[in-house]
Amino acid sequence: MSQILRYCNNRNLAVNPQGGNTGLVGGSVPVFDEIIVSTVQMNSITSFNTNTGVLICQTGCILENLNNYLEERDFIMPLDLGSKGSCHIGGNVATNAGGLRLLRYGSLRGTVLGLEVVLADGTVLNCLTSLRKDNTGYDLKQLFIGSEGTLGIITAVSILCPRKPASVNVVLLGCDSFDKLLDIFKESKGTLGEILSAFEFMDYGCREVVREHMKLTNPLREAPFYILIETSGSNGDHDQEKLTHFLEKVMTSGLVTDGTIATEENKMKALWALRERIAEALARDGYVHKYDISLPVEKIYEIVVDMKKRLGERVKRVVGYGHLGDGNLHLNIITEVQDQQLLDHIEPYLYEWTAHYYGSISAEHGLGFKKKNLIYFSKPRVAVQIMQQMKAILDPKGILNPYKTLPSSNQ
Ligand code: MLT
Ligand code: ZN
């Protein structure tokens with residue numbers, strides 16, 4: 001990697017780092033004549049320490065393969081995404097991917113302990129430590145986490161992995177209003193506490209698309225909202241007791257209209273599929289306008305309702321789902337065909353709405369090529385200028401993933 005970048009930098013050749021190519025904002029695809037530098041062959045595991053749970057591996061390891069390797073040793077990866085079968089850990093780190101279990105294990109900014117990065121001129125920056133604590137100077141690895149390949153190419157990762165939970169339960173609940181859904185969330189945090197490992201939500205439209213396009217049946221009665229809760233703990237009896245207590249509370253107080261619980265692997269997978277396969281189902285439904293927004297949790301569904309009203313008959317479907325526990329909404333608007341007038345009706349209105357509530361216009365998918373000019377909706381001008389200065393220091397010739405993440409300096 002060092003030789004490739006030195007060669008390209010000397011000749012002013014732009015490069016486009018590419019992992020599993022599963023991103024949603026065009027960060028991993030070239031725009032003009034960039035050379036694709038694929039990490040696909042850098043896929044070996046360097047070491048795993050069963051005392052500390054620290055895994056060190058190369059950047060091109062597929063997330064699911066890492067998880068399988070760890071499961072054999074009674075550990076798991078601290079992140080899980082729908083695209084786990086093809087995304088690379090290097091891409092996950094470079095985009096600071098969030099996913100389904102951030103609620104429990106935190107973001108990669110906390111679990112990544114060290115990185116090896118090759119800089120634009122080929123210099124190898126070795127910050128591949130495995131220390132939990134290290135307050136010596138600036139934490140440079142944080143610069144590269146979420147920088148989408150614009151500051152350096154990550155070649156190796158040191159990551160802290162949790163123990164594989166001995167007991168996992170998945171619950172699917174139906175509920176008839178978003179306010180009730182928020183009450184259920186509050187209740188789950190209080191009653192389930194540390195065993196809560198996912199709190200995902202989806203609206204009725206999501207149920208329809210997975211039924212229509214993936215042929216997946218939701219076992220619950222029809223309801224405007226569904227919640228998928230996962231618990232992970234070290235003691236089955238203890239978790240069961242907590243879960244029963246939680247379910248009694250939400251059932252008797254009328255917060256929930258219907259529910260089902262799964263403890264067996266296949267049934268848990270089937271419930272997860274109703275949530276994990278929404279994006280795939282939507283892609284088959286028509287032309288999809290995808291939005292990935294962070295908002296104060298009580299505001300999350302207001303924008304979906306607002307958009308439905310605003311766009312009315314002009315669209316096929318407006319759906320909302322996502323990582324409620326992290327305040328992250330995936331708002332998807334589906335039309336039969338691409339329609340510029342409609343897009344003008346959605347944007348910048350949606351971004352202004354998000355900025356008004358101090359949300360983020362990209363919660364977990366990054367900016368890439370598609371959203372780079374929207375950065376000002378979520379970051380002040382001074383912050384963007386500092387980012388541009390950092391880019392100029394680390395990549396003075398601008399060869400690393402150009403046209404991505406940051407607007408050009410005159411914008
Ligand atoms: C998800 O949570 O399913 C994805 O981040 C959303 C998507 O792929 O659109
Ligand atoms: Zn997501």
Side-chain angles (χ1 to χ4, degrees), residues 19-29 63-64 77-88 91-109 146 148 170 172 197-203 205-210 213-214 216 218 225-230 269-295 297 300-301 303-304 307 316-335 346 350 354 359-371:
N21 208 7
T22 60
L24 292 167
V25 286
S28 57
V29 275
L63 182 60
E64 191 167 50
M77 286 297 280
L79 80 159
D80 186 20
L81 316 176
S83 58
K84 54 182 159 272
S86 45
C87 64
H88 292 186
N92 297 149
V93 175
T95 57
N96 190 23
L100 304 163
R101 301 220 173 92
L102 189 136
L103 178 68
R104 171 67 175 273
Y105 301 115
S107 106
L108 288 168
R109 294 201 180 278
E148 303 182 83
V170 176
L172 185 70
S197 54
F199 193 105
E200 299 286 311
F201 91 103
M202 53 205 147
D203 64 13
C206 298
R207 172 189 176 126
E208 293 226 287
V209 282
V210 294
H213 302 292
M214 314 316 300
L216 299 177
N218 184 320
F225 297 99
Y226 300 93
I227 304 164
L228 186 146
I229 293 176
E230 184 193 72
K269 275 196 176 147
L271 292 185
W272 262 117
L274 296 171
R275 161 64 188 90
E276 280 189 301
R277 302 194 68 188
I278 296 170
E280 202 181 335
L282 289 167
R284 296 182 188 189
D285 198 46
Y287 183 83
V288 192
H289 302 262
K290 292 182 89 67
Y291 299 99
D292 164 43
I293 298 167
S294 264
L295 282 168
V297 78
I300 276 195
Y301 206 71
I303 187 62
V304 184
M307 272 296 165
K316 183 173 178 193
R317 233 188 273 271
V318 177
V319 301
Y321 63 99
H323 318 287
L324 187 108
D326 312 324
N328 184 180
L329 167 74
H330 295 313
L331 165 69
N332 284 231
I333 299 166
I334 293 91
T335 51
I346 304 173
L350 172 65
T354 306
S360 167
I361 56 97
S362 183
E364 61 170 1
H365 294 167
L367 296 169
F369 179 63
K370 286 191 181 168
K371 302 211 164 156

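When a ligand or atom number is given, it counts from 1 through the structure's own listing order.
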Spatial distance of atom CD1 (Ile334) from atom CG (Asp285) [nearest 0.5 Å]:
5.5 Å
Where's the contact between Leu282 and ligand 1, heavy-atom distance under 4.0 Å: side chain, backbone, both or neither?
neither
Among the N, O or S atoms of Glu364, which one sits nearest to the Zn ion (ligand 2)?
OE2
Any N or O on Lys290 sitting closer than 3.5 Å to an N or O of ligand 1?
yes
Parallel, tilted or perpendicular: rings of Tyr291 and His289 (30°, 60°):
parallel
Do me a favour and list the nearest non-hydrogen protein atom to atom 5 (O) of ligand 1 with residue, atom name and distance?
His365 NE2, 2.8 Å
Please report the closest heavy-atom contact between Ile300 and Asn328, naming both atoms and the distance.
CD1-N, 3.8 Å
Per-atom contacts of ligand 1 with Tyr321, taking only distances under 4.0 Å to non-hydrogen atoms:
3 (O), 6 (C), 7 (C), 9 (O)
Considering only the protein, which heavy-atom contact is closest to atom 1 (C) of ligand 1, and what is its distance?
Arg275 NH2, 3.5 Å
For Leu24, take its heavy atoms, then give the atoms of ligand 1 lying under 4.0 Å from any of them.
7 (C), 8 (O), 9 (O)
Report yes or no: does a heavy atom of Glu200 sit under 4.0 Å from some atom of ligand 1?
no
For His330, the N, O or S atom at the shortest distance from the Zn ion (ligand 2) is NE2
Looking only at non-hydrogen atoms, find the nearest pair between Tyr226 and Asp203 and report the distance.
CD1-O, 4.4 Å
Between Glu230 and Arg104, does at least one N-O distance fall below 4.0 Å, as a salt bridge requires?
no
What closest approach, in Å, do Ser83 and Thr22 show between heavy atoms, and which atom pair accounts for it?
OG-OG1, 3.9 Å
Reference residue Cys206; test side-chain contact (heavy atoms from CB on, under 4.5 Å); the match among Val319, Asn218, Leu282, Leu274:
Val319
Numbered atoms and elements of ligand 1 in range of Ala279, under 4.0 angstrom, heavy atoms:
7 (C), 8 (O), 9 (O)
What part of His323, side chain, backbone, both or neither, has a heavy atom within less than 4.0 angstrom of ligand 1?
side chain
Please confirm whether Glu364 comes under 4.0 Å of ligand 1, counting heavy atoms of the residue only.
yes
Could you tell me which non-hydrogen atom of Lys371 sits nearest to which non-hydrogen atom of Val25, and how far apart they are?
CG-CG1, 4.1 Å
Indicate if the distance from the Zn ion (ligand 2) to the nearest N, O or S atom of Asp292 falls below 2.8 Å.
no
When distances are taken from atom 4 (C) of ligand 1, the protein heavy atom at minimum range is His330 NE2, 3.7 Å
If every non-hydrogen atom of Leu329 is compared with every non-hydrogen atom of Gly320, which pair is closest and at what distance?
CD1-CA, 4.0 Å
